[in-house]
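Encoded as structure tokens, the structure appears first; notes follow it.
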Amino acid sequence: MNDKTKKIIIFDDDEDILSICSYILEEQGWEVHTYTDCNDITQKVSGIIPDVILMDNWIPDAGGIIATQTLKKDDSLKNIPVVYFSANSDIQLLAQHAGAETYLAKPFDLEELEKVISSVVTIN
């Protein structure tokens, strides 16, 4: 089972965050997919079926809450864990409102990123 590559999607409109996170996660063997908007989110996610999704609060166009709720309403996608991330001080409430499994406050360090991802992903 270990030859299955773990897949992650990062939704964030900040290119710096996308490139740093992609670099770190690819080093750890993840297959990383990034999007700078959440339009057609169910199609984007269905095409990849990731093990985990990182969702930014301020993602264009609809925003992270609506994007996450859209995924959680979809029977084939609702079990994919979503890590909500934002610099907003109300991040815990936002994540709960969105229906995300957990959250990560920005700015975060890479250890936190790894820790929060492994907390929601069952590694085979």
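Just so you know, these numbers use all the heavy atoms, side chains as well, and skip hydrogens, waters and symmetry mates.
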Sub-4.5 Å side-chain heavy-atom contact between [X] and [Y]:
{"X": "Thr36", "Y": "Pro60", "value": "no"}
{"X": "Asp12", "Y": "Phe85", "value": "yes"}
{"X": "Val83", "Y": "Val120", "value": "yes"}
{"X": "Thr68", "Y": "Ile53", "value": "no"}
{"X": "Thr70", "Y": "Thr42", "value": "yes"}
{"X": "Lys106", "Y": "Ile91", "value": "no"}
{"X": "Ile80", "Y": "Lys7", "value": "no"}
{"X": "Leu54", "Y": "Leu113", "value": "yes"}

Count the heavy atoms of every other residue, nucleotide or ligand shown that sit under 6.0 Å from OH of Tyr103, and state whether that count exceeds 12.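 Result for OH/Tyr103: open.
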
Check the pair Lys6 / Ile117 against side-chain contact (heavy atoms from CB on, under 4.5 Å), numbers first and verdict last. CA-CA 11 Å; Lys6 301 185 306 277; Ile117 290 174; over 6 Å; no

Same cluster or not: are Tyr35 and Met55 linked, directly or through other Ile, Leu, Val, Met, Phe, Trp or Tyr residues, by side-chain heavy atoms under 4.5 angstrom apart?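 Tyr35 clusters together with Met55.
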
Are Ile17 and Val82 joined in one hydrophobic group, where the rule is that I, L, V, M, F, W and Y side chains link up if heavy atoms are under 4.5 Å apart? no

Glu31 and Lys4 ion-paired at < 4.0 Å: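 Salt bridge: no.
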
Let me see the working for Asp51 and Trp30 under side-chain contact (heavy atoms from CB on, under 4.5 Å), right down to the final yes or no. CA-CA 10 Å; Asp51 297 276; Trp30 286 84; 4.2 Å; yes

Test of understanding: with side chain to side chain donor-acceptor pair (under 3.5 Å), list the residues that count as partners of Glu114, not counting sequence neighbours. Gln28

Evaluate the criterion side-chain contact (heavy atoms from CB on, under 4.5 Å) for residue pair Asp13 and Asp37; output intermediate values, then yes/no. CA-CA 6 Å; Asp13 57 348; Asp37 66 64; over 6 Å; no

